[in-house]
Amino acid sequence: MKGKTIKDILSSTEENIEVEVRGWVRNRRGSKNVAFIALNDGSTINSIQVVVDFASINESVMEGITVGAALLVRGKLVKSQGGQQNFEVAAYQVIILGLADAEKYPIQPKKHSLEFLRENAHLRFRTNTFGAIFRIRHKVIFAIHNYFNNNGFCNIHTPIITASDAEGAGEMFRVTTLSDTNPPLNDEGKVNYKDDFFGRPTNLTVSGQLEAELAALALGKVYTFGPTFRAENSNTTRHLAEFWMIEPEVAFNDLNDNMDLAEEMLKYVINYVLENCKDDLDFLSKRQEEEEKGKKEEDRSMELIKKLQFVANNDFVRLTYTEAIEILKNSNPNKKKKFDYIIESWGADLQSEHERYLVEKHFKKPVILIDYPKDIKAFYMRANDDNKTVRAMDILFPGIGEIVGGSQREERLDILLQKMHEMNIPEKEMYWYIDTRRFGSVPHSGYGLGFERLMLFVTGMTNIRDVIPFPRFPKSAEF
RNA sequence: UCCUCCUUAGCUCAGUUGGUUAGAGCAUCUGACUGUUAAUCAGAGGGUCCUAAGUUCAAGUCUUAGAGGAGGAGCCA
């Protein structure tokens, strides 16, 4: 971008200097002789005030200065006479770079509903809210890479197209170049995938974990940060068909090391955002407060920045599934049958109402649940000696639910093979995974962190479709 | 996929028991105003009441079906 950004200029200590700013008109006010333009270039949530004297600027130019128009302004940076900003630009030249028809431009200087902006996702970047969200999104991405880099991790790009469908993490999107009206058929009359691009059925990845394990068992500490695809018909505020996932995998780590890593990493990222996104967080905090005005006091969330500081400065609660079941069994909502799913016995899968009770009512802080019954978890999780539970861990966050799912992996060849057999995982196809247990197997652990769920927590937004630029979900792939 | 709710002006929404020409705020346009802060003041324009069928003398309002959206649930990150 040419010249100084508005962020740079607003933090200037000099005055009466010549400046050149480029940006988009957020608002325009005026009186008989003078117009005030709020100009924003995306470098910061704050707009710069441009003051235009009608006498010095051509009338046709003045007519083009409407909300949404792109301008180049040359002028002098001066102390503002108005109260709400330190500096403003006294313009002597305004060039319209791009007009915006005021009658047709959908974004107005007023509050828009998130639903409306979601339908105008191509233009919502130009609002304060989404500007703040996507600047923060970048900082969170950067902080994650920073954390792993600082700690000796190696970033691995695991495949996006995969032939393996054994992860069991959900429905997959098929990838094919075969004709959809007239595919080649085999002798049995079924689609002949031998003629497909890869010579076999392929899908978009639902997880890079299995491949990350291969890398970890040589490079030691690795992580993935890539797109992930689930073809589930999920219509909720916390699911996407295309989302980004971070999956660290560490050789020689046991479950305790795994919990330490996840907790330390999350706290690092939150602190990084607190230190580097203050203006945007302040704005989102006020926005949330505004949004929740209509709610009863007990239903309102903790102030955004306080909430982030609280999580960064307090230890997460760690407890076993068995302990959680005991707490839930004896809880008021369970006794009074307020839960839709009453907890009766050990072995029950926890519903989101139970997770919310533990995190939001009982402990009031993030909770790491470990040692789940083996029957409700994946084949690769390490069996405990009790033969009933596995070394799984789920991190539950207030307002979001499960943000991390991970485990210590089963490194013992015989037990892994037995588990795969029990759960109908095709051993032949998975030879490459099994090989790691055959040759120099060691204990290792890892987890998957849902990037957009972390974004929900950090921004205080409540719908996952608002923290990714162009959300993909059932019946929607617009833009 | 299931449950609940919603769909009226560019946006956010009101519209009583079914009853004349469907309203408001903001936005837009026009004008006023000596520096505004989502400026203010005055005026104007702007409607396929989501779509289709039905009930009725009469439907924005009632019924049925469909489409789209939101929230919750399940699946999960």
Side-chain angles (χ1 to χ4, degrees), chain A residues 26-38 46-55 63 66-68 78-85 88 90 100-120 127-128 167-171 206-209 226-247 262 290 339-341 349-356 376-378 394-397 400-406 447-457 462-466 468 473-476 478:
Chain A
R26 283 295 176 78
N27 195 5
R28 177 189 163 169
R29 300 174 288 274
S31 63
K32 198 175 186 180
N33 303 317
V34 69
F36 301 93
I37 302 157
N46 301 305
S47 296
I48 198 162
Q49 172 154 289
V50 175
V51 186
V52 180
D53 197 323
F54 280 54
E63 277 171 15
T66 57
V67 173
V78 296
K79 268 244 153 64
S80 179
Q81 295 170 36
Q84 297 191 12
Q85 57 278 319
E88 64 191 19
D101 186 340
E103 303 243 27
K104 290 179 185 148
Y105 185 59
I107 309 297
Q108 299 161 8
K110 57 165 283 189
K111 208 161 215 147
H112 286 290
S113 67
L114 293 171
E115 289 87 349
F116 173 75
L117 292 171
R118 223 169 276 152
E119 284 165 16
N120 290 279
T127 63
N128 285 331
E167 284 97 337
E171 292 297 311
V206 292
S207 164
Q209 179 203 316
T228 310
F229 307 89
R230 305 268 167 96
E232 300 286 352
N233 190 9
S234 296
N235 292 287
T236 79
T237 52
R238 26 174 223 294
H239 289 88
L240 290 165
E242 176 184 286
F243 64 100
W244 292 72
M245 188 154 63
I246 298 104
E247 297 178 286
E290 204 63 29
F339 283 143
D340 288 336
Y341 297 85
D349 209 347
L350 299 184
Q351 307 296 321
S352 40
E353 57 181 347
H354 306 130
E355 297 178 350
R356 274 210 311 277
I376 58 174
K377 289 290 180 186
D394 282 1
I395 303 186
L396 311 175
F397 262 35
I400 288 140
E402 188 179 344
I403 197 167
V404 164
Y447 60 85
L449 165 66
F451 178 68
E452 282 77 16
R453 290 195 180 169
L454 178 58
M455 280 296 299
L456 283 179
F457 183 75
T462 52
N463 191 322
I464 202 159
R465 297 169 187 178
D466 294 332
I468 188 167
F473 50 94
K475 301 277 180 294
S476 180
E478 191 70 38

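Residue numbering restarts at 1 for every chain, and letters A, B, ... go by the order of the sequence lines. Heavy atoms only: backbone and side chains are in, while hydrogens, waters and symmetry mates are out.
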Side chain to side chain donor-acceptor pair (under 3.5 Å) involving A:Gln351 - partner list, sequence neighbours excluded: none

Taking only residues two or more places apart in sequence or in another chain, which ones pass ring-ring contact (aromatic ring centres under 6.0 Å, His included) with A:Phe457? A:Phe397

Does A:Tyr341 have any ring-ring contact (aromatic ring centres under 6.0 Å, His included) partners at least two apart in sequence or in another chain, and if so, which? none

Is [X] touching bases, backbone alone, or none of the nucleic acid, heavy atoms closer than 4.0 Å?
| X | answer |
| --- | --- |
| A:Leu454 | nothing |
| A:Glu242 | nothing |
| A:Gln85 | base |
| A:Val404 | sugar-phosphate |
| A:Pro109 | base |

Does the side chain of [X] get closer than 4.0 angstrom to OP1 or OP2 of [N] through an N or O atom?
| X | N | answer |
| --- | --- | --- |
| A:Ser207 | B:rA77 | no |
| A:Gln351 | B:rG72 | no |
| A:Arg118 | B:rA70 | yes |
| A:Arg29 | B:rU36 | no |
| A:Arg356 | B:rA73 | yes |

Please write out the pairs of protein N or O atoms and N or O atoms of nucleotides 29-32 of chain B separated by less than 3.5 Å, giving the distance to one decimal.
none

In whole Å, what separates the [atom1] atom of [N] from that of [M]?
| N | M | atom1 | value |
| --- | --- | --- | --- |
| B:rA59 | B:rC49 | C1' | 11 Å |
| B:rA53 | B:rA44 | P | 37 Å |
| B:rG18 | B:rG60 | P | 13 Å |
| B:rU12 | B:rA58 | C1' | 31 Å |
| B:rU17 | B:rC62 | C1' | 12 Å |
| B:rU51 | B:rG69 | C1' | 15 Å |
| B:rG72 | B:rG66 | P | 25 Å |
| B:rG10 | B:rU56 | C1' | 35 Å |

Step by step, would you call A:Val52 with A:Ile37 a side-chain contact (heavy atoms from CB on, under 4.5 Å)? CA-CA 8 Å; A:Val52 180; A:Ile37 302 157; 3.5 Å; yes

Its dot-bracket string being built from Watson-Crick and G-U pairs below 3.5 Å, with | for another strand and [ ] for crossing, RNA chain B has the pattern (((((((..((((.....[...)))).(((((.......))))).....(((((..]....))))))))))))....

Kindly confirm whether the side-chain ring of A:Phe243 is stacked on the base of B:rA77, judged by centres under 5.5 Å and planes under 30°. yes

Atom-pair distance ([atom1] on [X]; [atom2] on [N]), nearest Å:
| X | N | atom1 | atom2 | value |
| --- | --- | --- | --- | --- |
| A:Arg465 | B:rG71 | CZ | P | 7 Å |
| A:Leu117 | B:rG10 | CG | C1' | 13 Å |
| A:Leu350 | B:rC76 | CG | P | 12 Å |

Residues that [X] engages under side-chain contact (heavy atoms from CB on, under 4.5 Å), provided they are two or more places apart:
| X | result |
| --- | --- |
| A:Glu402 | A:Asp394, A:Leu396, A:Arg453 |
| A:Asn33 | none |
| A:Ala241 | A:Phe173, A:Arg472 |
| A:Asp340 | A:Glu353 |

Once salt bridge (Lys or Arg N to Asp or Glu O under 4.0 Å) is applied, what residue pairs with a partner in residues 101-113 of chain A remain, sequence neighbours excluded? A:Asp101-A:Lys104

Please list, pair by pair, any protein nitrogen or oxygen found under 3.5 Å from a nitrogen or oxygen in nucleotides 12-14 of chain B.
unit_1	atom_1	unit_2	atom_2	d
B:rU12	OP1	A:Ser113	OG	2.8

Closest to the 5' end of RNA chain B, once A:Ser80 and A:Glu353 are matched to their nearest nucleotides, is A:Ser80

How do A:Glu355 and A:Tyr341 order along RNA chain B: which one's closest nucleotide is nearer the 5' end? A:Tyr341

Can you figure out which of B:rG74, B:rU37, B:rA39 approaches the side chain of A:Asn27 most closely? B:rA39

Does the base of B:rU36 carry an N or O that pairs as donor and acceptor with the side chain of A:Gln81 under 3.5 Å? no

When you check every protein heavy atom under 4.0 Å of nucleotides 1-7 of chain B, what one-letter string (B, S, -) results, 5' to 3'? B------

